[in-house]
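For reference, the structure discussed in these notes is given below.
Below, all heavy atoms of this structure are taken into account, side chains as well, without hydrogens, waters or symmetry copies. Order of the sequence lines sets the chain letters (A, B, ...), proteins ahead of strands, with each chain counted from 1.
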Number of protein chains: 2
Amino acid sequence: MEKRNTIQKQLVLDAVHKLANHPTADAVYDMVSAAHPNISKATVYRNLTGMSEEGKLRHIHMPNGADRFDHCLTPHNHIECTICGGVADAPQITPELLDEQAAKETGFTEVTHDVVFYGVCPNCQSNA
Amino acid sequence: MEKRNTIQKQLVLDAVHKLANHPTADAVYDMVSAAHPNISKATVYRNLTGMSEEGKLRHIHMPNGADRFDHCLTPHNHIECTICGGVADAPQITPELLDEQAAKETGFTEVTHDVVFYGVCPNCQSNA
DNA sequence: TCTTTAATAAAATTATATATCAATAAATAG
DNA sequence: CTATTTATTGATATATAATTTTATTAAAGA
């Protein structure tokens with residue numbers, strides 16, 4: 001008796017898949033609580049971080065605002081629009097190289113990294 | 001009469017220089033308030049972000065904990081120890097290339113980025 | 001069905017950062 | 001040097017993101 005499948009956990013996972021576009025915990029809460037009004041925000045947070053640790057989701061730490069969660073598990077980066085705040089996928093760029101080089105030059109081991117790009121999204125470009 | 005030089009601003013700038021190792025706003029506040037007990041935390045935050053915008057300091061947005069501030073203005077990245085939480089300098093890696101490639105593949109313009117590395121620092125390696 | 005205990009709901013708490021606003025003091029003019 | 005202007009400050013309140021706490025609930029195995 002280790003892990004249990006709860007309705008709440010399933011609803012949270014479904015919401016991240018349905019929302020697709022890198023929702024924040026709050027956005028997930030909004031969607032889930034529409035169908036299941038009594039769900040607690042703490043439960044949403046717990047399940048999001050828990051399932052990220054299990055590898056069912058990806059936890060994206062945004063340097064500015066709230067963290068986001070991604071249903072897509074293949075390696076890639078993210079780009080945030082500096083105008084509307086929307087987050088899109090960005091290409092993954094030679095990550096092994098980055099980590100190796102940083103390890104060599106800093107003396108740190110087990111090196112990983114986060115990259116977040118910023119820019120103006122196509123939509124905000126045309127509305128300017 | 002535009003910008004004013006205040007004791008508080010000078011104390012904050014000095015503290016970031018003296019602390020050197022990428023202090024958080026809180027660490028700066030601790031040092032400054034030792035010499036100037038009445039200083040407000042809001043003033044420390046205001047001066048840190050203000051001087052970062054003026055280019056006198058660099059504001060490092062950390063994806064996890066509190067933001068940090070760097071007296072060193074030459075371009076480089078940072079690496080955070082996953083054990084002790086300390087932050088060290090990391091090499092800058094082909095940034096123009098990253099931004100260009102991300103812009104091309106996403107359709108975003110005016111692309112910049114943040115990179116933060118994570119790893120185990122030399123000190124935590126030997127204490128393991 | 002019963003038992004165990006992982007997971008939940010609700011509220012309080014922590015951490016980081018910003019906003020508000022009356023009071024203060026730095027820069028300049030006279 | 002003094003007066004004036006207003007940027008800056010201090011104190012507090014507020015905002016946002018996320019975690020902790022604790023009694024209760026319910027999932028899974030016996």
Query raised in the report: Side-chain heavy atoms under 4.5 angstrom apart, residues restricted to Ile, Leu, Val, Met, Phe, Trp, Tyr: same cluster for A:V116 and B:L98?
Result: no
Query raised in the report: Angle class for the A:H22/A:H78 ring planes (parallel below 30°, perpendicular above 60°, tilted otherwise)?
Result: perpendicular
Report task. Mind calculating the distance between CZ (B:R4) and C1' (D:dT5) to the nearest angstrom? Result -> 7 Å
Report task. Find the bend of the helix from C:dT1-D:dA30 to C:dG30-D:dC1 as the angle between its two terminal axes (five pairs each), to the nearest 10°. Result -> 30°
Requested in this report: In whole angstrom, give the distance that lies between atom CD1 of B:I39 and atom P of D:dG10.
Outcome: 5 Å
Query raised in the report: Side-chain N or O of A:T43 less than 4.0 angstrom from OP1 or OP2 on C:dA9?
Result: yes
Report summary line: Whole-Å distance, A:L13 CG to C:dA7 C1', equals 16 Å
Query raised in the report: What's the CD-P distance between B:Q8 and D:dA11, to the nearest Å?
Result: 11 Å
Requested in this report: Encode nucleotides 11-21 of chain C as B, S and - characters from 5' to 3', where the letter depends on protein heavy atoms closer than 4.0 Å: B to the base, S only to sugar-phosphate, - to neither.
Outcome: B----SBBBB-
Query - N/O (side chain, A:N47) to phosphate O (OP1/OP2, C:dT8) under 4.0 Å - result: yes
Requested in this report: Return the value, rounded to whole Å, for the distance between atom CD1 of B:I7 and atom C1' of C:dA25.
Outcome: 9 Å
Query raised in the report: Rounded to the Å, how far apart are A:Y29 OH and C:dA9 C1'?
Result: 10 Å
Query raised in the report: In whole angstrom, what separates A:Q10's CD from D:dA27's P?
Result: 13 Å
Query raised in the report: For A:H61, which contact category applies under a 4.0 Å heavy-atom criterion: base, sugar-phosphate, or nothing?
Result: nothing
**Report entry** A:H113 versus B:N77, side-chain donor and acceptor atoms under 3.5 Å
**Finding:** no
Query raised in the report: What integer distance in Å separates A:E53:CD from C:dA6:P?
Result: 16 Å
Query raised in the report: Can B:D70 and B:H76 be said to form a side chain to side chain donor-acceptor pair (under 3.5 Å), step by step?
Result: CA-CA 11 Å; B:D70 198 340; B:H76 62 281; 2.9 Å; yes
